[in-house]
Number of protein chains: 2
Amino acid sequence: MYGYADKVFSRQPHAGMKPEYHREEPLLHHTVDCVILGFHRTELHVLLHRFPYKPYQGHWALLGGFVDSSVSLDEAALQTVRRLTGLDNIYMEQVYTFGNVGRVPTERVITTCYYALIPVEPTLDQLSPEYEATWHPISQVQNLALVYDHPAMLDKAIEQLRHRVRFQPIGFELLPEKFTMTELRQLYESILGRPLDKRNFTKKVQAMDLLEKLDEKQKDTSKRGAFYFRFDPERYQQYLRDGFLFAL
Amino acid sequence: MYGYADKVFSRQPHAGMKPEYHREEPLLHHTVDCVILGFHRTELHVLLHRFPYKPYQGHWALLGGFVDSSVSLDEAALQTVRRLTGLDNIYMEQVYTFGNVGRVPTERVITTCYYALIPVEPTLDQLSPEYEATWHPISQVQNLALVYDHPAMLDKAIEQLRHRVRFQPIGFELLPEKFTMTELRQLYESILGRPLDKRNFTKKVQAMDLLEKLDEKQKDTSKRGAFYFRFDPERYQQYLRDGFLFAL
DNA sequence: ACAAAAGTGTTTATTGTACACCCATGC
DNA sequence: GCATGGGTGTACAATAAACACTTTTGT
């Protein structure tokens, strides 16, 4: 998957077509785990839940789910996010598949990791309560002792997002409809993990002709106020399709 | 996996540890498919075999294999290459996991795609004959009607190799010990799918201080002869670890 | 009046790109 | 002597990076 979900619905699952040469082949458990990312305040956050099973009960973990034979991997990942957040039509991307034998001590299971980009605010008070899920700033996660190889999953997801950010726009998925230039820059700073020059950043963003400056100002963070911008949806879609090179 | 195989051996496979919450979960077939790449003459080639099962019997396909619960995904991929070529200690990288429901018409199977980089010459007359495998120039493969979603796998593998080539050295895996500057350039041209300026290429490669110029000349392709080079193993390993930026 | 964040251009250094001729040799 | 691929340097353009002061306004 790359971008928004292709709607691939399940069909009659191979009824009676199972060929001879598959009959005797090994069967495995397969799960998806989702690195659900959002931008809140000045930093990227990840949505974690408290792991409910021993021996890691109570530890923080990415949310995941088993894949059964009626859904695609992509759908399974989408369902996981939907189950937790209620959100649909989510931007997701596959990251990597973790398949070492001992990665989950109690069980052989292969896990495909996805990351999802979602807006944080809509989820703040409607996270499905059964999961005890909360948002954590990316910079704090290393202190959290995630279960299994979830730290590696998170690393790989961030690495991939860092790469992606250079070739396609991502703000739409993570920012509210209206946002200030400072917010956009802080988003990129948080993803890339380093400060960016304010003037050069503004220059480059404006050169892409992707933003529309609004008349309205945000006055929360300064007396003077900062102009809001929003994405030009057409240019945004075009860049999603064609890509760009956003050297920061 | 990234680079050479970690030797992860199987251990006692979870005997008696299966937790309650896994007992009832769905089981699936999982395979690995390998895009085995090599550089021959002036072009990148891919090793394909004739698919032995209906309904695609006789079509060209990537070689793959089932994953069972005693081996990691990486090991399964290595075994696949070893089975076909007899080669061990292969450079491999995971590409993507394909998990749509209908991707294999007869069966629900999830497949993780890897690419492997190997030298072609050692394999030329010792390919395991039971597979009817042969090398095909990358530029010709689109005419070949590969089975299932193997065309997409090949595309993704090449795309990833193109990306990789910009950040880490790869010649060691694909070239003989001694090679000419022209051969090295043709390798990069074939991977990137576009011509590269001879002078600029030489300049950039030499600036990396990665090659050692030998006294010996290759005289096959010209009267004048071309100097052989070889990689400086230490610098090569260093670049593999630390990466570089090789803007071509 | 002052604190706090917003906004705005220029200069310099670096890097990428384009380009053409002579060289060495085997036939 | 000529055909074939091998080998080499320079000039120009584009891009990235560094950098500091003025503006606005709520308190």
Side-chain angles (χ1 to χ4, degrees), chain A residues 39 41-43 162-163 165-167 171 175-176 178-190 192-230 243-248, chain B residues 39 41-43 162-163 165-167 171 175-176 178-190 192-230 243-248:
Chain A
F39 183 66
R41 304 296 188 94
T42 65
E43 205 183 343
R162 275 182 191 161
H163 175 252
V165 115
R166 301 186 50 221
F167 299 104
L175 290 169
K178 299 182 299 190
F179 52 88
T180 67
M181 191 60 76
T182 301
E183 289 170 334
L184 183 62
R185 180 166 43 83
Q186 284 170 338
L187 167 61
Y188 277 84
E189 288 179 334
S190 180
L192 297 174
R194 62 185 162 93
L196 298 172
D197 183 275
K198 184 167 53 156
R199 280 171 290 191
N200 292 338
F201 183 82
T202 307
K203 218 184 308 174
K204 280 172 195 163
V205 169
Q206 285 177 341
M208 303 197 304
D209 197 25
L210 179 60
L211 298 185
E212 185 181 353
K213 189 177 195 167
L214 306 181
D215 291 333
E216 202 180 346
K217 279 189 165 188
Q218 186 229 60
K219 307 220 55 165
D220 301 354
T221 59
S222 81
K223 332 274 183 174
R224 181 178 176 179
F227 280 105
Y228 279 117
F229 291 81
R230 71 174 175 206
F244 56 59
L245 213 159
F246 193 33
L248 294 165
Chain B
F39 183 66
R41 305 295 186 95
T42 65
E43 204 183 344
R162 275 183 190 159
H163 175 253
V165 116
R166 301 186 48 221
F167 299 103
L175 290 169
K178 300 181 298 188
F179 51 87
T180 67
M181 190 59 77
T182 302
E183 288 169 336
L184 183 62
R185 179 166 44 82
Q186 284 169 338
L187 168 61
Y188 277 84
E189 288 179 333
S190 180
L192 297 173
R194 62 185 162 91
L196 298 171
D197 183 276
K198 184 169 52 159
R199 277 171 291 189
N200 293 339
F201 183 84
T202 306
K203 218 186 306 174
K204 281 173 195 162
V205 168
Q206 285 178 342
M208 304 197 305
D209 197 25
L210 180 59
L211 298 187
E212 186 183 352
K213 189 176 192 166
L214 305 183
D215 290 332
E216 201 180 346
K217 279 190 166 189
Q218 185 231 60
K219 308 221 55 166
D220 301 356
T221 59
S222 78
K223 334 275 182 174
R224 181 178 175 178
F227 280 106
Y228 279 118
F229 292 80
R230 71 172 178 211
F244 56 58
L245 213 160
F246 192 35
L248 295 166

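The figures here come from the full heavy-atom set of this structure, side chains too, leaving out hydrogens, waters and symmetry mates. What you see is a predicted model, and the numbers here were worked out from it, not measured in a lab. By convention in this document, chain letters (A, B, ...) are assigned in the order of the sequence lines, proteins followed by strands, and residues within each chain are numbered from 1.
For the segment residues 215-229 of chain A, residues with any heavy atom less than 4.0 angstrom from an atom of DNA chain D are, sorted by number, A:K219, A:K223, A:R224.
Under the 3.5 Å distance criterion, the side-chain polar atoms of A:E189 are matched with a main-chain donor or acceptor of A:L196. The backbone N or O of B:K198 sits less than 3.5 Å from a side-chain atom of B:T202, completing a donor-acceptor pair. The backbone N or O of B:F246 lies less than 3.5 Å from no partner atom in the side chain of B:K204, so there is not a single donor-acceptor pair.
When every heavy atom of A:E43 is checked against every heavy atom of A:S190, the shortest pair comes out as CG-OG, 3.4 Å. Considering all non-hydrogen atoms of both residues, B:F244 and B:V165 come closest at CE1-O, 4.2 Å. Of all non-hydrogen atoms in B:F227 and B:L214, the two that sit nearest each other are CD2-O, 3.4 Å. Looking at every heavy atom in both residues, B:Q206 comes nearest to B:M181 through NE2-CE, 4.2 Å.
Residue contacts for B:T180: at a heavy-atom cut-off of 4.0 Å it reaches no nucleic acid atom on any strand shown. Contact annotation for A:T202: no contact, since no heavy-atom pair falls under 4.0 Å across all strands.
Going from atom NZ of B:K217 over to atom CZ of B:R224 covers 5.5 Å, rounded to the nearest 0.5 Å.
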Can A:T180 and A:Y228 be said to form a side-chain contact (heavy atoms from CB on, under 4.5 Å), step by step? CA-CA 5 Å; A:T180 67; A:Y228 279 117; 4.3 Å; yes
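For A:L245 and D:dA14, the CG to C1' distance is 14 Å, given to the nearest whole Å. Separating the CD atom of B:Q206 from the P atom of D:dT8 is a distance of 7 Å, rounded to the nearest angstrom. Following rounding to the nearest Å, A:K204 (NZ) and D:dT15 (C1') show an atom-to-atom distance of 9 Å. Rounding to whole angstrom units, CZ of residue A:R166 and P of D:dA16 are separated by 10 Å. Spacing between atom NZ of B:K198 and atom P of D:dG5 amounts to 11 Å, rounded to whole angstrom units.
Between the side chain of A:N200 and the base of D:dA16, no donor-acceptor pair under 3.5 Å is found.
For DNA chain C, the outermost nucleotides in 5' to 3' order that have an atom under 4.0 Å from a heavy atom of chain A are C:dA5 to C:dT10.
Nearest-nucleotide mapping onto DNA chain D: of B:R185 and B:D197, the residue sitting toward the 5' end is B:R185.
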